[in-house]
Amino acid sequence: MTKMIKVLKGTKDILPQEVEQWHKLEKNALEIFTRYGYKEIRTPIFEVTELFARGVGDTTDIVNKEMYTFEKSGRSITLRPENTAGVVRSFIENGMARLSAPVKLWYKGPMFRYERPQAGRQRQFHQVGVEMFGIKEPAADAEVILLAVDYLKSLGLNDLEVEINSLGCPKCREEYKKRIKEVLKPELENLCEDCQNRYEKNPLRLLDCKVDSCKEIFAKPEIQKVIQSDFICEECAQHYKELKSYLDKLKIKYIENKLLVRGLDYYNRTVFEIKSNNLGSQNAVCGGGRYDSLVKNLGGEDTPAVGWAMGMERLNSLLPEIEPQKLDGYIVSNSPADAFELAEELRAKGLNIEFDLANKKFTKQLEKASKTARFALILGEDEIKANKVSVKNLETSEQVTIDRNDVTDKIKG
RNA sequence: GCGUCUGUCGUCAAGCGGUUAAGACCUCGGAUUGUGGUUCCGAUAUGCAUGGGUUCGAAUCCCAUCAGACGCCCCA
């Protein structure tokens, strides 16, 4: 046998038996997001590499080691590892800053990250996400979180945990980083290798290290004091406070998590995640936050923005399996020409109809009908002559011979 | 990039150095040339991820490669 070709590591076929669930995710997204005034946008799945380097941030893992990048005609091109940068690019390029604020956009589609696959993580995966531009007030943050919760509810996912935090603005965050580095400096060589890296790259990150020896160090009172301190400036604190009061009013339960730091450089002030306990170690279904300086960084007018993305595969694994739909009718006939005709007639009326293209024996056809359809539509010589059809309900075994024109009504009940 | 575990039919698997490589499901055919979903019979891996090695003998032991699962890092 010639060698079989297999899917690439970390990629997957979405097979017919699971596609119903994907339809549900997409249908609900369109429906719910539309209610909140969002319009769908579809951006290319590849962009100039620089977009991600500048947008996502060139200190991030995503940009440093996870991008699918290739050269074409002397240009460096990258498969999108996330879609916020692309949407922002489009926002700027199409002059959307001139539209009346807020500009609300949503998207869905495949993303690509060269990572080691594991539960809830693939190299090609899908995200749905929303981005709102032009509103700096915390009400925007609140609405975006409410939308996420609403969408999850529409999928039957009611008891997920919402975690929030405020990163402050670049100014107050720098201060905080400095203080963390200061207090940890004496312990630096006792920290694990990862933490030593993070010490320089992203000091906020090292606070939730899972290594026991690091945990012990962080538990020291003088260090805890710095971690727990309210470092954010007055304005940022006010923003955060207002957000929380909105969430309270909206009865959205949330957990404040000081250690919640997102790994993308563009976030400021509000960050949040929505987690599930049923997902294994990659337990976040939704992640997002505010990114007020991204539009400007990518060459647009200074425009505040908030948004989030959800991993569709992760959502999917939380959804119950959907029973496959049965056909409305399966035509049992040894005259393919007549079966064709009847099938077309009924399909035109919106019914799902099939018949045996291989023209097998009568009993085989009935067997197939009973496995795949609600009704068997028997079209034998007698019926054809009389312009009738015998309609058999395959659940109750009840069978009647009726006029062709009455078949639709009989099936639709 | 690192760590742990795992690769036997389309699927789920038994087998643990000498078997004709169980069994079940699915699929296909027959009992049954106009009445199914139940039942009964039958078919379906010269092959055990791939390549080497050890051995009289390997699906079973060893090595390498590849693939998968899970975890770390990071993220949705």
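This one's a predicted model, so the numbers in the text were calculated from it and none came from an experiment. So you know, we letter chains A, B, ... as the sequences are listed, proteins then strands, and number each from 1.
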Trainee: Could A:Arg123 and A:Glu115 be called an ion pair, given the rule that one side-chain N must be under 4.0 Å from one carboxylate O?
Mentor: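 Judged by the 4.0 Å cut-off on N to carboxylate O distance, A:Arg123 and A:Glu115 do not form a salt bridge.
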Trainee: Give A:Glu313 one of three labels, base, sugar-phosphate or nothing, depending on what nucleic acid heavy atoms sit under 4.0 Å from its own.
Mentor: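 Counting heavy atoms under 4.0 Å across all strands, no contact is made by A:Glu313.
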Trainee: Could you tell me how far apart A:Lys9 (NZ) and B:C66 (C1') are, to the nearest whole angstrom?
Mentor: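 Interatomic distance, NZ of A:Lys9 to C1' of B:C66: 9 Å.
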Trainee: Between atom CD in A:Gln127 and atom C1' in B:C74, what is the gap in whole Å?
Mentor: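 For the pair A:Gln127 CD and B:C74 C1', the rounded distance is 14 Å.
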Trainee: For the pair made of CD in A:Glu395 and P in B:G36, what is the distance, rounded to whole Å?
Mentor: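 Spelled out: CD on A:Glu395 to P on B:G36 is 17 Å.
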Trainee: Scan every strand shown for a Watson-Crick or G-U wobble partner of B:U44, both distances under 3.5 Å, and answer none if you come up empty.
Mentor: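 Checking every strand shown, B:U44 finds no partner, since no pair has both distances under 3.5 Å.
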Trainee: Check whether the ring centres of A:Phe133 and A:Phe91 lie less than 6.0 Å apart, and answer yes or no.
Mentor: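 Yes.
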Trainee: So, is B:G68 syn or anti if syn means the angle is within 90° of 0?
Mentor: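 Anti, angle beyond 90° from zero.
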Trainee: Distance check, C1' atoms only: B:U46 and B:U55, in whole angstrom units.
Mentor: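 These two C1' atoms come out 22 Å apart once rounded.
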Trainee: Have A:Asn268 and A:Asp292 got a donor and an acceptor in their side chains that come within less than 3.5 Å?
Mentor: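 A donor-acceptor contact under 3.5 Å links the two side chains.
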Trainee: For B:G37 and A:Ser397 - does any side-chain N or O of the residue sit under 4.0 Å from the phosphate oxygens OP1/OP2?
Mentor: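 Result: no.
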Trainee: Compute the ring centroids of A:Phe46 and A:Tyr68, then answer whether they are less than 6.0 Å apart.
Mentor: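 Ring centroids of A:Phe46 and A:Tyr68 are no less than 6.0 Å from each other.
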Trainee: Return the pairing partner of B:C26 with a 3.5 Å limit on both distances, Watson-Crick or G-U wobble; otherwise return none.
Mentor: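 The answer is none; no pair meets the criterion.
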Trainee: Do the ring centers of A:Tyr151 and A:Phe33 come within less than 6.0 Å of each other?
Mentor: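 Centroid distance A:Tyr151-A:Phe33: below 6.0 Å, so yes.
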Trainee: Charged N to carboxylate O below 4.0 Å: is that the case for A:Arg374 and A:Glu395?
Mentor: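 No, no charged N to carboxylate O under 4.0 Å.
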Trainee: Judged by modelled atom types alone, do A:Asn83 and A:Thr43 share a side-chain donor-acceptor pair under 3.5 Å?
Mentor: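 Result is yes, a qualifying pair exists.
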Trainee: A:Asp13 CG to B:G68 P: how many Å, rounded?
Mentor: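 Taking CG of A:Asp13 and P of B:G68, I get 13 Å after rounding.
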Trainee: So what does A:Ala369 touch, heavy atoms closer than 4.0 Å: a base, only the sugar-phosphate, or nothing?
Mentor: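 Nothing, no nucleic acid heavy atom in range.
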Trainee: Closest nucleotide of RNA chain B for A:Tyr114 versus for A:Lys12: which of these residues is on the 5' side?
Mentor: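 The answer here is A:Tyr114.
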Trainee: Does any non-hydrogen side-chain atom of A:Leu79 lie less than 4.5 Å from one of A:Thr69?
Mentor: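 The answer is no; the side chains never approach within 4.5 Å.
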Trainee: Any chance you could list the contact pattern along nucleotides 24-35 of chain B? Use B for base contacts, S for sugar-phosphate-only contacts and - for none, protein heavy atoms under 4.0 Å, 5' to 3'.
Mentor: -----SSS--BB
Trainee: Strictly by modelled atom types, are A:Asn28 and A:Ser154 linked by a side-chain donor-acceptor pair under 3.5 Å?
Mentor: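 There is such a pair between these side chains.
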Trainee: Expressed as a whole number of Å, how far does the C1' atom of B:A13 sit from that of B:C26?
Mentor: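 The answer is 14 Å between these two C1' atoms.
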Trainee: Please tell me whether A:Tyr291 and A:Glu131 have a donor and an acceptor in their side chains that are separated by less than 3.5 angstrom.
Mentor: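 Indeed, the side chains of A:Tyr291 and A:Glu131 share at least one donor-acceptor pair under 3.5 Å.
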Trainee: What is the separation between atom CG on A:Leu327 and atom P on B:G37, rounded to the nearest whole Å?
Mentor: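 The answer, rounded to whole Å, is 18 Å.
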Trainee: Does the base of B:C73 carry an N or O that pairs as donor and acceptor with the side chain of A:Glu115 under 3.5 Å?
Mentor: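 No such pair is found, so the answer is no.
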Trainee: Report each atom pair, protein N/O against N/O of nucleotides 11-13 of chain B, whose distance is under 3.5 angstrom.
Mentor:
none

Trainee: Say we look at B:G15 and B:C61: how far apart would their P atoms be, to the nearest angstrom?
Mentor: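 Looking at atom P only, B:G15 and B:C61 are 13 Å apart.
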Trainee: Suppose you measure atom P in B:C12 against the same atom in B:A69; what distance do you get, rounded to whole Å?
Mentor: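 The same atom, P, in both gives a distance of 13 Å.
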Trainee: Which whole-number value in Å describes the distance from A:Asn393 CG to B:G36 P?
Mentor: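 Interatomic distance, CG of A:Asn393 to P of B:G36: 16 Å.
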Trainee: With distance as the sole criterion, is a donor-acceptor pair present between the side chains of A:Asp248 and A:Tyr254 under 3.5 Å?
Mentor: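 A pair is found: one side chain offers a donor N or O, the other an acceptor, under 3.5 Å apart.
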Trainee: Which value, in whole Å, describes the distance between the C1' atoms of nucleotides B:G10 and B:U27?
Mentor: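 About 8 Å, rounded to a whole number of Å.
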Trainee: Between B:G18 and B:C62, how far is it from one P atom to the other, in whole Å?
Mentor: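 Pairwise P distance, B:G18 against B:C62, rounds to 16 Å.
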Trainee: Find the partner of B:G34: check Watson-Crick (N1-N3 plus N6-O4 or O6-N4) and G-U wobble (N1-O2, O6-N3) distances, both under 3.5 Å, and reply none if neither fits.
Mentor: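 When the pairing criteria are applied, nothing turns out to pair with B:G34, so the answer is none.
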Trainee: Atom CD of A:Glu273 to atom P of B:C74: distance rounded to whole Å?
Mentor: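 Distance, rounded to whole Å: 12 Å.
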Trainee: Look through every strand shown and name the nucleotide pairing with B:G51 as Watson-Crick or G-U wobble, where both distances are under 3.5 Å.
Mentor: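 B:C63 - that is the nucleotide pairing with B:G51, both distances being under 3.5 Å.
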Trainee: Could you check whether A:Gly280 gets within reach of a base, just the sugar-phosphate, or nothing at all, counting any heavy atom under 4.0 Å?
Mentor: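 Touches sugar-phosphate only.
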Trainee: What's the closest nucleotide to the side chain of A:Ala309 if the choices are B:A69, B:A76, B:G36?
Mentor: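 Of all the options, the side chain of A:Ala309 is nearest to B:A76.
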Trainee: Could you tell me if A:Asp141 and A:Thr270 have a donor-acceptor pair between their side chains, going purely by distance under 3.5 Å?
Mentor: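 Indeed, the side chains of A:Thr270 and A:Asp141 share at least one donor-acceptor pair under 3.5 Å.
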Trainee: Side chains of A:His126 and A:Asn316 only: does a donor on one sit below 3.5 Å from an acceptor on the other?
Mentor: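 No, because no side-chain N or O of A:His126 sits under 3.5 Å from a partner of the opposite role on A:Asn316.
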Trainee: If I take atom CG in residue A:Leu157 and atom P in nucleotide B:A76, what distance separates them, rounded to the nearest angstrom?
Mentor: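 Distance, rounded to whole Å: 18 Å.
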Trainee: On the nucleotide B:C70, are OP1 or OP2 found under 4.0 Å from the side-chain N or O atoms that A:Gln118 carries?
Mentor: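 Result: no.
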Trainee: Summarise protein proximity over nucleotides 3-8 of chain B in one line of letters, 5' to 3': B for base, S for sugar-phosphate only, - for none, counting protein heavy atoms closer than 4.0 Å.
Mentor: B-----
Trainee: In whole Å, measure the gap between the P atoms of B:G23 and B:A64 for me.
Mentor: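 That atom pair is separated by 36 Å.
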Trainee: Answer yes or no: are there more than 12 heavy-atom neighbours, outside A:Lys108 itself, under 6.0 Å from its atom NZ?
Mentor: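 Correct, the count exceeds 12.
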Trainee: Could you please name the partner base of B:G3, counting Watson-Crick and G-U wobble pairs only when both distances are under 3.5 Å?
Mentor: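 Check on B:G3: paired to B:C70, both distances under 3.5 Å.
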Trainee: If you pin A:Val7 and A:Lys65 to their nearest nucleotides in RNA chain B, which one's is more 5'?
Mentor: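 Its nearest nucleotide being more 5', the pick is A:Val7.
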Trainee: Which value, in whole Å, describes the distance between the P atoms of nucleotides B:G30 and B:G36?
Mentor: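 Nearest-Å result for B:G30 against B:G36 at atom P: 15 Å.
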